[in-house]
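Just so it is clear, the values below take in all heavy atoms, side chains as well, and ignore hydrogens, waters and symmetry mates.
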Amino acid sequence: MIPSSDQPIPNLPKLNLPKVVIVGAGFAGLKLARELRNSAFQVVLLDKNNYHQFQPLFYQVATAGLEPSAISFPLRKIFHSTPNVSFRMAEAERVDAAAKRLYTDIGYIDYDFLVLAMGADTNYFGAKNIEYYSSPMKTVSEALYIRNKIISNYERAITISKMEDRKSLMNMVIVGGGPTGVELAGAMAELRNNVFPKDYPELSFKNMKVVLIEAGASLLASMSAEAQSHALDYLNRLGVEVLLSTKVQDYDGKLVLLEGKEPIQTQTLLWAAGIKPNRIEGFDQSHYAGNGRMLVNEFNQLLDAEGVFVLGDQCLLPGGEFPKGHPQVAQVAIQQAKNLSKNLFRTVSGKDLVPFRYKDLGSMATVGRKLAVVDLPFIKFQGLLAWMTWLFVHLMAILGVKNKLFIFLDWSWNYLSFDPSLRLLIKPKYVRASERKELIEEKSS
């Protein structure tokens with residue numbers, strides 16, 4: 001029997017149009033596919049999930065503030081009545097750039113233009129124990145797993161008689177002082193301060209630590225000094241123990257070992273300390289920078305690979321104003337995708353390509369209810385107005401009217417009642433070995 005990857009992907013429309021194959025339906029891949037709707041291109045969008053995930057709100061799923069479905073949007077629905085765009089749920093395996101062919105786990109596809117927009121995964125910096133025992137948050141599935149783990153810990157803690165034996169279940173340690181870590185720490189502190197005492201009145205939450213660990217000298221390293229100091233002040237106000245200039249040495253599932261400081265007991269270590277670009281076979285080391293990002297020119301074309309483009313977290317323009325790569329944020333990916341869509345039209349028209357120029361629209365992070373920091377190119381502000389700005393921007397960025405409405409209602413209820421109602425421990429069903437590939441998210445290598 002011929003392996004599926006050695007056969008063409010079946011049932012794709014046969015259109016006499018230049019074929020653009022997009023790998024990854026994150027911010028970059030989805031934006032590009034939407035820009036090419038109803039155009040003179042055949043677009044094939046591939047992703048291992050059949051939905052788009054809104055990553056900036058993963059932490060709210062992890063802390064029971066939002067349902068997973070509120071921040072996920074089915075890809076097929078986006079492309080209803082769009083005959084030139086096809087979606088296939090598949091994992092890209094390797095590229096034969098000379099033959100202009102992409103191999104996937106469901107078959108191969110030939111392309112005129114290949115766009116790699118595969119994003120990034122968690123970086124453990126070689127720490128095998130931390131990788132094994134900690135919980136990352138790069139997908140909706142991982143965020144839901146964290147929610148289950150946190151709730152399970154408290155259901156177990158309430159059945160343990162000795163306070164000392166409960167500490168490791170109740171303590172929460174978050175590693176990484178970027179926006180994800182700061183937002184997770186603030187949300188966890190608010191659950192501890194306002195919600196868990198009502199759910200578990202028999203437990204003393206004075207003994208529950210929420211610890212945020214950052215190896216650098218400040219939180220939110222990419223933001224302004226005002227944002228950094230306000231974020232630290234807000235976390236301290238919420239009762240988060242912030243450890244700056246602190247490195248995690250090891251973790252065995254129960255004890256976090258720190259360099260030069262006392263270890264911390266916890267069975268929940270949330271890892272938000274770094275990311276690394278996803279890779280695909282078929283390119284040699286000369287195509288990669290030292291940090292794993294793929295080397296492109298100012299048009300996002302992969303160097304020395306005709307017809308291949310790379311967007312978002314995966315790419316790096318050598319010698320540009322961002323020598324380590326553009327910031328790994330949604331706006332970069334979206335702007336690169338928009339520029340590439342224009343250049344694809346220019347390519348088939350025989351016009352000169354337009355180089356990509358990143359326009360920084362600002363950055364923001366929320367720490368807790370009515371507590372946020374916003375850095376815009378023309379103004380910096382914090383507090384209630386920043387929190388309302390953060391809410392508005394993220395609400396507008398969510399796909400779908402229904403999802404916007406659900407999130408608005410959830411946020412309104414949570415604000416008025418301070419009691420999110422999604423603290424459900426829904427355990428996954430045992431899956432037979434024969435069905436695991438289809439029904440269980442694979443662990444990244």
Side-chain angles (χ1 to χ4, degrees), residues 55-56 58-60 62-63 120-138 142-143 145-147 149-150 153 167-193 196 205-223 225 227-276 328 363 365-368 371 373:
Q55 293 190 22
F58 282 172
Y59 83 95
Q60 293 209 2
T63 54
D121 202 355
T122 305
N123 191 351
Y124 298 96
F125 306 103
K128 293 297 180 186
N129 283 345
I130 292 172
E131 181 175 356
Y132 185 79
Y133 288 109
S134 70
S135 300
M137 198 177 65
K138 284 285 177 288
E142 289 173 347
Y145 171 82
I146 291 170
R147 186 181 91 176
K149 183 177 176 70
I150 291 167
N153 283 354
K167 276 187 177 177
S168 69
L169 282 167
M170 295 179 68
N171 290 343
M172 193 76 48
V173 177
I174 299 143
V175 181
T180 299
V182 167
E183 289 169 349
L184 258 176
M188 280 307 310
E190 290 198 317
L191 282 176
R192 176 198 60 190
N193 299 345
F196 286 158
F205 286 88
K206 291 176 184 175
N207 299 313
M208 175 190 169
K209 287 183 177 180
V210 177
V211 184
L212 178 60
I213 300 171
E214 166 56 35
S218 64
L219 301 174
L220 303 174
S222 63
M223 296 185 71
Q228 293 170 0
S229 63
H230 276 86
L232 180 59
D233 177 57
Y234 293 154
L235 288 171
N236 288 334
R237 236 191 273 180
L238 291 169
V240 177
E241 190 177 327
V242 180
L243 303 179
L244 298 174
S245 303
T246 302
K247 290 184 180 176
V248 177
Q249 289 184 316
D250 208 352
Y251 178 56
D252 63 1
K254 292 193 175 176
L255 204 64
V256 183
L257 300 181
L258 305 176
E259 192 177 273
K261 292 182 180 170
E262 288 293 308
I264 304 169
Q265 291 183 58
T266 185
Q267 291 187 37
T268 307
L269 179 67
L270 307 181
W271 191 261
I275 61 175
K276 60 181 179 182
Q328 290 169 301
S363 51
T366 180
V367 185
L371 302 173
V373 292

Verdict with reasoning, Thr266 to Lys254, per side-chain hydrogen bond (donor to acceptor under 3.5 Å, both in side chains)
CA-CA 5 Å; Thr266 185; Lys254 292 193 175 176; over 6 Å; no
Intermediate values then yes/no, side chain to side chain contact (heavy atoms under 4.5 Å, CB included), Leu219 and Leu212
CA-CA 10 Å; Leu219 301 174; Leu212 178 60; 3.8 Å; yes
Can Glu142 and Ser135 be said to form a side chain to side chain contact (heavy atoms under 4.5 Å, CB included), step by step?
CA-CA 8 Å; Glu142 289 173 347; Ser135 300; over 6 Å; no
Between Thr122 and Tyr124, is the side chain to side chain contact (heavy atoms under 4.5 Å, CB included) condition met? List the steps.
CA-CA 6 Å; Thr122 305; Tyr124 298 96; 3.5 Å; yes
CA sep, side-chain torsions, deciding dist, call: Leu184, Met172, side chain to side chain contact (heavy atoms under 4.5 Å, CB included)
CA-CA 10 Å; Leu184 258 176; Met172 193 76 48; over 6 Å; no
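Formation of a donor-acceptor pair under 3.5 Å by the Glu131 side chain with backbone atoms of Ala127 is not found in this model. Between the Asp233 side chain and the Ser229 main chain, no donor and acceptor come within less than 3.5 Å of each other. No donor-acceptor distance shorter than 3.5 angstrom exists from the side chain of Asp121 to the backbone of Lys276, with no hydrogens or angles considered. Checked by atom type and distance alone, the side chain of Thr246 pairs as donor or acceptor with a backbone atom of Leu244 at under 3.5 Å. Although no hydrogens or angles enter the test, the distance criterion places a donor-acceptor pair under 3.5 Å between the side chain of Asn193 and the main chain of Leu238. Without hydrogens or angle criteria, Tyr251 side chain to Gly253 main chain gives a donor-acceptor distance under 3.5 Å. Arg192 places a side-chain N or O within 3.5 Å of a backbone atom of Met208 that can act as its donor or acceptor partner.
Looking only at side-chain heavy atoms (C-beta outward), Val242 and Glu214 stay at 4.5 Å or farther from each other. Using a 4.5 Å heavy-atom threshold, the side chains of Gln228 and Val373 count as separate. Between Phe58 and Glu183, the closest side-chain pair of non-hydrogen atoms is not below 4.5 Å. The shortest distance between side-chain heavy atoms of Ile150 and Met188 falls below 4.5 Å. Taking 4.5 Å as the limit, some side-chain heavy atom of Trp271 sits within range of a side-chain heavy atom of Ile130. Side-chain atoms of Val248 and Leu257, non-hydrogen and from C-beta on, never get closer than 4.5 Å to each other. No side-chain heavy atom of Ile174 sits less than 4.5 Å from a side-chain heavy atom of Val211. At a threshold of 4.5 Å between non-hydrogen side-chain atoms, the residues Ile264 and Leu255 do not count as touching.
Between the side chains of Thr268 and Asn153, at least one donor N or O sits under 3.5 Å from an acceptor N or O. For Gln267 and Ser168, the side-chain atoms include at least one donor-acceptor pair closer than 3.5 Å.
Other residues, nucleotides and ligands contribute only 12 or fewer heavy atoms inside 6.0 Å of the NZ atom of Lys167. Annotation for Tyr145: atom OH does not count as buried by contact number, only 12 or fewer foreign heavy atoms lying within 6.0 Å. The number of heavy-atom neighbours closer than 6.0 Å to NZ of Lys247, taken from other residues, nucleotides and ligands shown, is 12 or below.
The side chain to side chain contact (heavy atoms under 4.5 Å, CB included) test with Leu243 singles out one residue from Val175, Val173, Leu258, and that residue is Leu258.
In terms of heavy atoms, Ala227 sits closest to Leu220 at O-CD1, 4.2 Å. Summarising the geometry of Ala217 relative to Ser245, their closest heavy-atom pair is CA-OG, 3.5 Å, with the distance given to 0.1 Å.
Once rounded to the nearest 0.5 Å, the distance linking CG of Leu269 with OH of Tyr133 reads 12.5 Å. Put simply, CG on Asn123 and NZ on Lys138 are 9.5 Å apart, with the number rounded to the nearest 0.5 Å.
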